[in-house]
2 protein chains.
Amino acid sequence: MGGKKTSITNHIKRIRLARTEFTQAGLAERVGATRQTIIAIEAQKYAPSLELAFRIAHVLGEPVEEVFQFDSSLWD
Amino acid sequence: MGGKKTSITNHIKRIRLARTEFTQAGLAERVGATRQTIIAIEAQKYAPSLELAFRIAHVLGEPVEEVFQFDSSLWD
DNA sequence: GGGTGATGTAAAGTATTTTTTACTTTTATA
DNA sequence: TATAAAAGTAAAAAATACTTTACATCACCC
């Protein structure tokens with residue numbers, strides 16, 4: 001239980017609101033996921049799979065590394 | 001088998017051999033995964049998590065999108 | 001031939017992500 | 001105030017990633 005937090009964060013919400021007019025449901029539909037998944041990821045509950053991360057970045061029109069940040073200082 | 005293949009491929013093996021002298025076990029150790037995981041991912045059996053993908057790219061000294069390719073034509 | 005390191009396969013079990021379903025809260029607006 | 005769309009919480013089940021363990025093959029070198 002020692003808090004194995006994911007060390008991945010994202011700016012989906014900010015980019016979604018700034019660059020698009022997608023709702024969470026609209027984004028979910030476009031990336032082929034459910035609304036719950038988008039909500040959980042935006043809330044940093046967990047990191048998406050690599051495939052979903054690529055889809056989200058693609059739909060938002062940003063590179064993966066703009067949307068998702070890896071905090072390499074929290075290594076292990 | 002409708003083949004819900006992952007639409008993610010990678011060049012880990014090529015980059016690992018070209019840019020480093022890491023063995024699969026050596027790479028595994030550096031990214032904090034097991035040798036089996038590296039073998040399976042190099043063999044395109046499945047895609048890594050986003051976090052592991054970031055670690056692998058980081059250790060290989062390449063951007064995520066150089067190491068991993070998303071085939072957006074296989075959408076859904 | 002025997003030993004070692006690197007790579008590979010397989011299967012069972014654990015961990016994490018995603019879906020499905022259902023209910024709550026907020027915000028805008030008529 | 002009522003209504004609807006958007007965002008949020010929760011929890012069980014399904015899907016996928018990862019580990020652990022064990023054994024097999026291949027190349028190299030003593």
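Computed from a prediction, not measured in an experiment: that's the story for all the values here. Residue numbering restarts at 1 for every chain, and letters A, B, ... go by the order of the sequence lines.
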How long is the line joining CD1 of B:Ile8 and P of C:dT17, in whole Å? 15 Å

Shared hydrophobic cluster, B:Ile39 / B:Val67 (ILVMFWY, side-chain heavy atoms < 4.5 Å): no

Heavy-atom nearest nucleotide on DNA chain C for B:Glu42 versus A:Pro48: which residue maps closer to 5'? B:Glu42

Can you tell me how far C1' of D:dA10 sits from OH of A:Tyr46, to the nearest Å? 12 Å

B:Ile41 has an atom CD1; how far is it from atom C1' of D:dT19, in whole Å? 12 Å

Any B:Ile56 side-chain heavy atom under 4.5 Å of B:Val64 side chain: no

Can B:Glu29 and B:Arg35 be counted as an ion pair, charged N to O under 4.0 angstrom? no

Atom-to-atom span, CG of B:Leu27 to P of C:dA6 - whole angstrom: 13 Å

Does B:Lys45 have a side-chain nitrogen or oxygen under 4.0 Å from the phosphate oxygens OP1 or OP2 of C:dA10? no

Candidate nucleotides D:dT9, D:dA17, D:dA7, ranked by approach to the side chain of A:Thr23 - the nearest: D:dA7

Just checking A:Ala33: base, sugar-phosphate only, or nothing, at a heavy-atom cut-off of under 4.0 Å? sugar-phosphate

Nearest-Å distance for atom pair CD1/C1', residues A:Ile38 and C:dT19: 13 Å

Using a heavy-atom cut-off of 4.0 Å across all strands, would you classify A:Ala43 as base, sugar-phosphate, or nothing? nothing

Heavy-atom pair with the smallest gap, counting every atom of B:Phe22 and B:Arg30: CE2-CZ, 3.2 Å

With respect to the side chain of A:Gln24, which nucleotide from D:dG8, C:dT19, D:dA6 is positioned closest? D:dG8

Any non-hydrogen side-chain atom of A:Leu50 less than 4.5 Å from a side-chain atom of B:Phe70? no

Can you tell me how far P of C:dT7 sits from CZ of B:Phe22, to the nearest Å? 13 Å

Answer whether the closest heavy-atom distance between the side chains of A:Phe54 and B:Ser7 falls below 4.5 Å. no

What is the separation between atom CD on B:Glu21 and atom C1' on C:dT7, rounded to the nearest whole Å? 17 Å

Along nucleotides 21-30 of chain C, 5' to 3', which nucleotides get a B, which get an S, and which get a -, given that the test is a protein heavy-atom distance under 4.0 Å? BB--------

Which nucleotide in C:dT19, D:dG8, C:dG8 has an atom nearest any side-chain atom of A:Thr34: C:dT19

Stepwise, does the side chain to side chain donor-acceptor pair (under 3.5 Å) test hold for A:Gln44 with A:Asn10? CA-CA 7 Å; A:Gln44 323 280 351; A:Asn10 72 79; 3.2 Å; yes

Less than 4.5 Å apart, any side-chain heavy atom of B:His11 and any of B:Gln69? yes

Ignoring backbone atoms, establish whether B:Arg16 has a side-chain N or O less than 4.0 Å from OP1 or OP2 of C:dT7. yes

Assign B:Thr37 to base, sugar-phosphate, or nothing according to its heavy-atom contacts below 4.0 angstrom with the strands shown. base

B:Ala40 near the nucleic acid: base, sugar-phosphate alone, or nothing, with a heavy-atom cut-off under 4.0 Å? nothing

Atom CD of A:Glu29 and atom C1' of D:dA5: how far apart are they, to the nearest Å? 15 Å

